[in-house]
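Numbering starts at 1 and runs along the sequence shown.
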Amino acid sequence: METRKIQQVGGGTYTVSLPKEWATAADIEPGATVALHSHIDGSLVVQTGVDCEAEPLTLSVDETDTAAIERTLQAAYAAGIDTVELDAPDGITDETHRLVERLTRELTGVAVTESTDRTIRVRSLLDVEEVSITQSVRQLQFAALSTHRSATAALTSPAADGRGGPAESDGQTARTAAMVDHYFQRGLDSLAVMDALGLIRPALFVRWVTARELDRIADHARGIAATVDRLDEPVDAALAADIDDLADRSRTLVRQSVGVVLDDPVGGPDDETTAVCGLLDDCDALAADVDALDRRLFEADDADYRLTHVLDGVRRTAESAGTIAEVGLRSALRSQWASTPRVGQAPQL
C-alpha cells in the first residue's frame, strides 16, 4: 500500500500524486484525462479509459439452433452485457426474428434496436437511474410467495381454483430475477452503476443472493403444483391441514428473512443478531417437522408417495429462507463491525 499527502493548489483545489509505476502500468501520461468517482461507500476512485464506449458483443450464430440463441441472449443479459449483435452468415429467417422478439419481451427493458437479413442487434434500454434493486426484491418476494401459496392451496383446499399457481406470477418472477442478475453484474463492473443503484457492493450482493433464493422458491412452488396435478384423489383433510401449516410457516420464514436483508428494523445490533439467530433456529425446526411428517407418510399404508415431493418443496423453501437469513446475519455483523471506532482509522482513498 502506498500513502500520499494531500496538497492544496491555489484557493481550493486539492491534489494527490500517483506513484510513477502505477501511472506507467495504467498508460497514464501527462495531459491524459481520467474520471474521478466518489462512491457512496466513502472510496475515491481514479478511472482510466473514460472516452471508450462499450462495444456490442458480436456473436456468430446458427439461426437454425434456436435453443442456442435463446441460451446466448439470456446468458448475455445475466452477465450484464447491454448490447448483443447476433450475426448469422447464412441469413436470419422471419421465424428467428420472431423468436428474438419474443425473448426480448421476456427481459425487462430489452428491445431489438436494429435488424437486417443477416444481423439482429438487441439492447438494454432501461435507464439504471430508474432501477430499484430493493423494490425488485420485494416484488420478487410477492410473486414467488403468491405462486407458492396457490400451489399449496390447490393441494389442501378442495375449492381452490387454478391448480398449480398463476402463470403470470411465474413470468414476473423470471423477469425480475433476470433483471437483478443483470444489474448485479453491471454494478460489479462499474462504480457509476453502483452509485446510480444507491447501493454499496455488500448490500448489492445480499440482495442478489436473496433474489436467487426467491427464484428458487418459485421453482419449488412449481414443483409442488406439478405434483398436485398428478394426484389421483383429494388429500385427507387432516393431512392436508398439516401440510398447509408447514407451507404457511415456510412462507412466513421467507418473509421474515427477506425483511432482515432489506433492513426492516427489529431493534439495535444485538437485537438484530438475536432475532436472526432465532429465525435460523425456526428454519431448522420447520425442516425437522417436515422430516417427521415425511416419515409418517413413509410408514403409512395408504399415503400417496407423491406427497413426499410436496414436502420436499416445503423443506427446500425453508432452506432458502435460511440461506437468506444467513446472508442477512453476515450483513448485520459486518455493518456492526464497520461502525466500530478504530484507533488511527483514516478515510479510504
Novice: OG/Ser132 to CD/Gln139 distance, rounded to the nearest 0.5 angstrom?
Specialist: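 These two atoms lie 8.0 Å from each other.
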Novice: For atom CD of Glu21, decide whether the heavy atoms of other residues, nucleotides or ligands shown that lie under 6.0 angstrom number more than 12.
Specialist: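 Yes, enclosed.
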Novice: Is Thr96 reaching over with its side chain to a backbone N or O of Ile92, donor-acceptor style, under 3.5 angstrom?
Specialist: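 No: the side chain of Thr96 does not pair with the backbone of Ile92.
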Novice: Side chains of Arg121 and Ser115: does their closest heavy-atom pair fall under 4.5 Å?
Specialist: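 Arg121 does not reach Ser115 side chain to side chain.
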Novice: Any chance the side chains of Thr147 and Ser150 put a donor and an acceptor closer than 3.5 Å?
Specialist: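 Absent: no donor and acceptor within the cut-off.
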Novice: State plainly whether one hydrophobic cluster holds both Trp22 and Val46, where clusters connect Ile, Leu, Val, Met, Phe, Trp and Tyr through side-chain heavy atoms under 4.5 angstrom apart.
Specialist: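 Different clusters.
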Novice: As an exercise, state the distance from CG of Leu103 to OG1 of Thr72, rounded to the nearest 0.5 Å.
Specialist: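 Going from CG on Leu103 over to OG1 on Thr72, the span is 10.5 Å.
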Novice: For the pair Glu106 and Arg102, find out whether any cationic side-chain nitrogen is under 4.0 Å from an anionic carboxylate oxygen.
Specialist: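 Yes.
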Novice: Which heavy atom of Val258 sits nearest a heavy atom of Thr210, and at what distance?
Specialist: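 In this case the closest contact between Val258 and Thr210 is CG2-CG2, 4.0 Å.
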Novice: Surrounding CG of Asp127 (heavy atoms of other residues, nucleotides or ligands, distance under 6.0 Å), is the total greater than 12?
Specialist: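 Atom CG in Asp127 is packed in, count exceeds 12.
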Novice: Rounded to the nearest 0.5 Å, what's the gap from CD1 on Ile81 to OG on Ser124? Could you check?
Specialist: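 The CD1 atom of Ile81 sits 11.5 Å away from the OG atom of Ser124.
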Novice: Any link between Leu18 and Val34 through a network of hydrophobic side chains (Ile, Leu, Val, Met, Phe, Trp, Tyr) touching at under 4.5 Å?
Specialist: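 In one cluster with Leu18: Val34, yes.
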Novice: Ion pair present between Asp82 and Arg123, side-chain N to carboxylate O less than 4.0 angstrom?
Specialist: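 Arg123 and Asp82: not salt-bridged.
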Novice: Do the charged groups of Arg222 and Asp219 touch, with an N to O distance under 4.0 Å?
Specialist: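 Judged by the 4.0 Å cut-off on N to carboxylate O distance, Arg222 and Asp219 do form a salt bridge.
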Novice: Give a yes or no on whether the backbone of Tyr305 and the side-chain of Thr308 come within a donor-acceptor separation of less than 3.5 Å.
Specialist: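 Yes: the side chain of Thr308 pairs with the backbone of Tyr305.
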Novice: Atom CG of Asp90 and atom CG of Asp117: how far apart are they, to the nearest 0.5 Å?
Specialist: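 Interatomic distance, Asp90 CG to Asp117 CG, rounded to 0.5 Å: 13.0 Å.
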Novice: One pair to check against side chain to side chain contact (heavy atoms under 4.5 Å, CB included): Leu279 and Val260. What are the steps and the verdict?
Specialist: CA-CA 10 Å; Leu279 184 55; Val260 169; 4.2 Å; yes
Novice: Please evaluate residues Leu86 and Thr119 with respect to the criterion side chain to side chain contact (heavy atoms under 4.5 Å, CB included), reporting the C-alpha separation (whole Å), side-chain torsions for both, the decisive distance (0.1 Å), and the verdict.
Specialist: CA-CA 5 Å; Leu86 301 177; Thr119 65; over 6 Å; no
Novice: Is a donor from one side chain sitting under 3.5 angstrom from an acceptor on the other, for Ser331 and Arg334?
Specialist: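 The criterion, which ignores hydrogens and geometry beyond distance, is not satisfied for Arg334 and Ser331.
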Novice: For a quick test of reading the model, state the closest non-hydrogen atom pair linking Ala247 to Thr152 and the distance between them.
Specialist: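 In terms of heavy atoms, the two residues are closest at CB-CG2, 3.6 Å.
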Novice: Name the orientation class of the two ring planes belonging to Trp208 and Phe205 (parallel below 30°, tilted from 30 to 60°, perpendicular beyond 60°).
Specialist: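 Because their plane-to-plane angle lies in the 30° to 60° range, the rings of Trp208 and Phe205 count as tilted.
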Novice: Only one of Ile120, Thr83, Thr104, Leu125 forms a side-chain contact (heavy atoms from CB on, under 4.5 Å) with Thr113, so which one is it?
Specialist: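 Result for side-chain contact (heavy atoms from CB on, under 4.5 Å) with Thr113: Leu125.
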Novice: Are Leu311 and Leu293 close enough that some pair of their side-chain heavy atoms sits under 4.5 Å apart?
Specialist: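 Of all side-chain heavy-atom pairs linking Leu293 with Leu311, at least one is under 4.5 Å.
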Novice: Between Asp312 and Arg315, is the closest basic N to carboxylate O distance under 4.0 Å?
Specialist: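 A salt bridge is present here (some side-chain N lies under 4.0 Å from a carboxylate O).
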Novice: Let's go through Thr176 and Thr108 carefully: what are the C-alpha distance in whole Å and the side-chain angles of both, what is the deciding distance for side chain to side chain contact (heavy atoms under 4.5 Å, CB included) to 0.1 Å, and is it a yes or a no?
Specialist: CA-CA 7 Å; Thr176 306; Thr108 302; 5.9 Å; no
Novice: Please check this pair: side chain of Arg296 against backbone of Ala292, looking for a donor-acceptor N/O pair closer than 3.5 Å.
Specialist: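 No; judged by distance alone, with no hydrogens or angles, the pair does not exist.
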Novice: Could you pull out the closest heavy-atom pair between Tyr77 and Met179, with the gap in Å?
Specialist: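 Taking Tyr77 first and Met179 second, the nearest heavy atoms are OH-CA, 3.5 Å.
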Novice: With a 4.5 Å heavy-atom cut-off, do Leu239 and Ile243 have their side chains touching?
Specialist: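 They are in contact (side-chain heavy atoms under 4.5 Å apart), so the answer is yes.
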Novice: Could you go step by step and tell me if Glu213 and Arg216 meet the salt bridge (charged side-chain N to carboxylate O under 4.0 Å, His left out) rule?
Specialist: CA-CA 5 Å; Glu213 291 303 322; Arg216 289 191 177 103; 2.6 Å; yes
Novice: Heavy-atom distance under 4.5 Å between the side chains of Leu145 and Arg255, does that happen here?
Specialist: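 Heavy-atom side-chain distance check passes, below 4.5 Å.
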Novice: If I compare all heavy atoms of Met194 with all of Gly187, which pair ends up nearest, and what's the gap?
Specialist: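 Nearest heavy atoms, Met194 then Gly187: CG-O, 3.1 Å.
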Novice: I want to check something: taking the side chain as every heavy atom from C-beta on, are Val261 and Val137 in contact at a cut-off of under 4.5 Å?
Specialist: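 Contact flag for Val261/Val137 side chains = no.
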Novice: Find the distance between CG (Leu214) and OG (Ser136) and round it off to the nearest 0.5 Å.
Specialist: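 Going from the CG atom of Leu214 to the OG atom of Ser136 covers 11.5 Å.
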Novice: Which atoms form the tightest heavy-atom contact between Ala196 and Glu129, and what is the distance?
Specialist: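 Heavy atoms of Ala196 and Glu129 come nearest at CB-OE2, 3.8 Å.
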Novice: Check His97 against Thr116 and note the closest heavy-atom contact, atom names and distance.
Specialist: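 So the minimum-distance heavy-atom pair works out to NE2-O, 3.4 Å.
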Novice: For a side chain to side chain contact (heavy atoms under 4.5 Å, CB included) check, start with the C-alpha distance between Leu155 and Val310, then their side-chain angles and the critical distance, and finish with the verdict.
Specialist: CA-CA 9 Å; Leu155 172 70; Val310 174; 3.6 Å; yes
Novice: Is there a side-chain contact between Leu126 and Val131 (heavy atoms, below 4.5 Å)?
Specialist: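 When only atoms from C-beta onward are counted, Val131 and Leu126 do touch, with a gap below 4.5 Å.
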Novice: With heavy-atom distances below 4.5 Å as the criterion, would you say the side chains of Gln172 and Leu140 are in contact?
Specialist: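 Side-chain contact under 4.5 Å: no.
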Novice: Can you find a side-chain donor-acceptor pair between Arg207 and Thr134 that sits under 3.5 Å?
Specialist: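 There is such a pair between these side chains.
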Novice: Using side-chain hydrogen bond (donor to acceptor under 3.5 Å, both in side chains) as the criterion, point out the one residue from Asp289, Asp282, Thr317 that pairs with Arg249.
Specialist: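 Testing each of Asp289, Asp282, Thr317 against Arg249, the sole residue satisfying side-chain hydrogen bond (donor to acceptor under 3.5 Å, both in side chains) is Asp289.
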Novice: Between Arg251 and His148, do the side chains contain a donor N or O and an acceptor N or O under 3.5 Å apart?
Specialist: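 Side chains of His148 and Arg251: pair found under 3.5 Å.
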Novice: Distance from Arg149 atom CZ to Ile224 atom CD1, nearest 0.5 Å?
Specialist: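 So the gap between those two atoms works out to 12.5 Å.
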